[in-house]
Every structure is written in C-alpha cells, then in structure tokens.
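First up is the structure itself, then whatever we jot down about it.
In listed order, ligands and their atoms are each counted from 1.
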Amino acid sequence: MIPWLLIDKTTLVGGEEMSLHRRDDEFVIRVGRQELMNSRMHGSEDALGELASQAISDRAKPRMLIGGLGMGFTLAAALKALPTDAEVIVSELVPAVVEWNRGPLSSFSAGGLDDPRVELYLGDVAALIGEASGDFDAIVLDVDNGPEGLTQDTNDTLYTPAGLQAAHRALRPGGVLAIWSVSQDAAFSRRVKKAGFSVTEVPVHAHGSRGRRHFIWLAQKK
Ligand SMILES: C[S@@+](CC[C@H](N)C(=O)[O-])C[C@H]1O[C@@H](n2cnc3c(N)ncnc32)[C@H](O)[C@@H]1O
C-alpha cells in the first residue's frame with residue numbers, strides 16, 4: 001500500500017488545520033483528520049458545474065458565482081458547458097487552496113483559473129452574495145459538506161433563511177442557486193422553497209454510475 005505523503009498544510013481562521021496529501025496520482029484535502037475531498041471522486045462536483053451551467057447557458061453573457069474552488073472540478077465542468085461570453089467569479093476562502101490549484105492540483109481544473117472568463121475572489125462567498133442585487137444568473141455553492149458544515153461554522157449562515165434570501169436577492173430573475181451536499185435534507189429543501197425558489201432535487205453518483213450518491217439542489221428564483 002502506497003503511503004499518503006503530506007504536500008502542504010495551512011491553518012484555517014477557526015484554528016483547524018487543512019492539509020493536502022498525495023498518494024501516487026491521487027490527492028486528498030483534509031480538514032483535521034476528516035477528508036474534505038478526494039481527486040478520485042468528483043462525479044457530483046462535475047455534475048454541479050454542468051447542471052448549473054446548462055440551466056443558464058441560453059442567457060446572454062451569463063454571470064456565475066462559484067464558491068469555493070476546492071480541487072477545481074466544478075469550475076472545469078462549468079467552463080466546459082458555458083458560452084464564450086460567460087463570466088465566472090470563483091470565490092475561495094483559503095489562500096493555500098488557490099496555491100495548490102496553481103501547483104500540484106492544476107490539471108483538475110483544466111487551467112480554469114487562467115481562463116479569460118474567470119475572475120478569482122480570495123474571500124468569503126457570503127460577502128459577495130450579501131453585497132449583490134440581481135447580479136448573477138447562477139450561484140453555485142460547494143463550500144462544505146452541505147447544509148451541515150465541515151470546514152467553517154460561519155458557512156452555516158449561507159443555508160439559513162436569511163442566507164437563502166440573500167442568494168435570492170443576488171440572482172437575476174429566473175436565476176439558479178445550485179447547492180452541493182453529501183446527503184439529502186428534507187428540512188433544507190422546505191427552507192429553500194420558502195425563500196422563493198422552485199426546487200429540483202438531483203441525486204448524483206459520487207463516482208461513476210454506481211454506488212454512493214451525493215445530492216444537488218437546483219433552485220430557480222421565482
Ligand atoms: C468541498 S471543496 C469544493 C470542491 C469543488 N466543488 C471542486 O470541484 O473541487 C470546498 C471549498 O470551499 C472553500 N470554502 C469554504 N468556505 C468558503 C466560503 N465561505 N467562501 C469561499 N470558499 C469557501 C474551501 O476552502 C474549499 O476549498
């Protein structure tokens with residue numbers, strides 16, 4: 001068994017450690033001892049980018065906000081499906097994650113950070129959502145494990161009624177809020193509907209076409 005090698009680590013604002021590890025051509029990002037993501041399993045991250053992009057690709061100059069970057073799979077999938085006149089703002093809270101994407105993880109986003117359609121915002125996606133008003137055709141959120149956070153307690157606010165209303169305000173008419181989650185959450189679905197969205201719940205395979213499923217909410221602003 002090939003051992004995991006520590007490539008780099010950083011301390012998150014709350015004091016927890018985030019680390020990047022490599023084993024052969026496989027990478028993991030961990031928060032503390034828990035795995036945040038693994039480069040071998042990105043089917044649902046790809047689906048998140050594809051589904052959100054397909055929902056808005058017929059719009060003129062579509063504007064998408066993606067939070068966060070992770071290993072860049074969602075960004076790559078979105079860029080593949082979006083037209084050439086699209087604009088994508090990628091928000092990433094952790095500077096080391098951006099460095100890793102420019103270094104050992106660069107192939108996973110297929111050079112996404114260098115795509116002329118992309119602008120990187122180093123900071124909290126909640127701040128961009130909070131200050132926006134009818135600015136985005138799509139907001140794509142994969143900042144954690146879903147409504148049950150893992151990396152940042154402060155992310156919980158994104159999933160509260162106030163956070164969902166802020167996302168609703170930030171979207172253009174008919175805009176789409178796409179949210180990734182490790183599991184289904186019926187109470188959260190109700191909350192999204194209450195915030196003024198029509199909701200499609202999409203279970204997606206974590207990897208390939210069998211086995212474990214993750215969950216995506218595709219919520220359209222009414
Ligand atoms: C699970 S990963 C995202 C995976 C990504 N969808 C992909 O395809 O690789 C979560 C990322 O969100 C970042 N993050 C966490 N909270 C954030 C926030 N409030 N604003 C922006 N980025 C955040 C984390 O540092 C991490 O890089």
Side-chain angles (χ1 to χ4, degrees), residues 8-21 26-32 34-53 64-81 88-113 118-132 138-160 163 166-167 170 178-183 204 206-207 214-217:
D8 194 19
K9 59 184 178 179
T10 188
T11 304
L12 300 175
V13 172
E16 281 222 84
E17 192 172 89
M18 182 184 265
S19 52
L20 176 67
H21 305 254
E26 182 182 6
F27 289 85
V28 290
I29 296 178
R30 293 189 190 137
V31 175
Q34 222 177 322
E35 192 170 298
L36 178 65
M37 64 178 302
N38 181 312
S39 63
R40 288 256 167 100
M41 290 223 298
H42 54 88
S44 57
E45 286 83 358
D46 297 345
L48 178 69
E50 279 158 21
L51 291 168
S53 301
M64 175 181 280
L65 171 62
I66 299 180
L69 177 60
M71 293 188 178
F73 292 112
T74 300
L75 173 62
L79 290 171
K80 209 170 163 194
V88 181
I89 295 100
V90 183
S91 165
E92 173 53 52
L93 194 60
V94 181
V97 169
V98 176
E99 282 169 31
W100 300 341
N101 272 266
R102 296 211 185 273
L105 303 180
S106 62
S107 64
F108 300 135
S109 71
L113 288 179
V118 173
E119 184 190 322
L120 176 69
Y121 170 77
L122 199 49
D124 193 334
V125 70
L128 291 185
I129 294 173
E131 68 195 24
I139 298 174
V140 179
L141 291 180
D142 180 10
V143 289
D144 244 305
N145 260 354
E148 291 294 325
L150 167 71
T151 55
Q152 305 283 331
D153 288 345
T154 49
N155 281 339
D156 291 350
T157 55
L158 287 166
Y159 307 106
T160 61
I179 302 178
W180 186 97
S181 177
V182 74
S183 57
V204 279
H207 180 63
H214 293 148
F215 203 73
I216 292 170
W217 285 271

Val97 neighbourhood, listing ligand 1 atoms whose heavy-atom distance to it stays under 4.0 Å: 27 (O)
Aromatic plane relationship, His42 with Phe73 - under 30° parallel, 30 to 60° tilted, over 60° perpendicular: parallel
Atoms of ligand 1 close to Met18 [distance to a heavy atom under 4.0 angstrom, numbered from 1]: 25 (O)
Ligand-side contact atoms (ligand 1) for residue partner Phe73, heavy atom cut-off under 4.0 Å: 7 (C), 8 (O), 9 (O)
Part of Glu45 within contact of ligand 1 (heavy atoms, under 4.0 Å): side chain
Side chain, backbone, both or neither: Glu92 near ligand 1, heavy atoms under 4.0 Å: both
Side chain, backbone, both or neither: Leu158 near ligand 1, heavy atoms under 4.0 Å: neither
Test item: Ile66 and Met64 side chains (from C-beta on) under 4.5 Å apart, heavy atoms: yes
Selected option - heavy-atom contact closest to atom 19 (N) of ligand 1, from Asn155, Val125, Leu105, Val143: Asn155
From Val90, Asn155, Val143, Ile89, residue fulfilling side chain to side chain contact (heavy atoms under 4.5 Å, CB included) relative to Val125: Val143
Over all atoms of both residues, closest heavy-atom pair of Gly123 and Ser91: O-OG, 2.9 Å
Heavy-atom closest pair, residues Trp100 and Ser19: CH2-C, 3.9 Å
Atom indices of ligand 1, in the order listed, that fall short of 4.0 Å to a heavy atom of Met71: 7 (C), 9 (O)
Ion pair Glu35/Arg30, N-O distance below 4.0 Å: no
Distance filter under 4.0 Å to Leu69 heavy atoms, resulting ligand 1 atoms: 5 (C), 7 (C), 9 (O)
Atoms of ligand 1, numbered as shown, that sit under 4.0 Å from any heavy atom of Thr74: 5 (C), 6 (N), 7 (C), 8 (O)
Residue Gly123 vicinity, atoms of ligand 1 by number, heavy atom under 4.0 Å: 20 (N), 21 (C)
Gly70 neighbourhood, listing ligand 1 atoms whose heavy-atom distance to it stays under 4.0 Å: 2 (S), 3 (C), 4 (C), 9 (O), 11 (C), 27 (O)
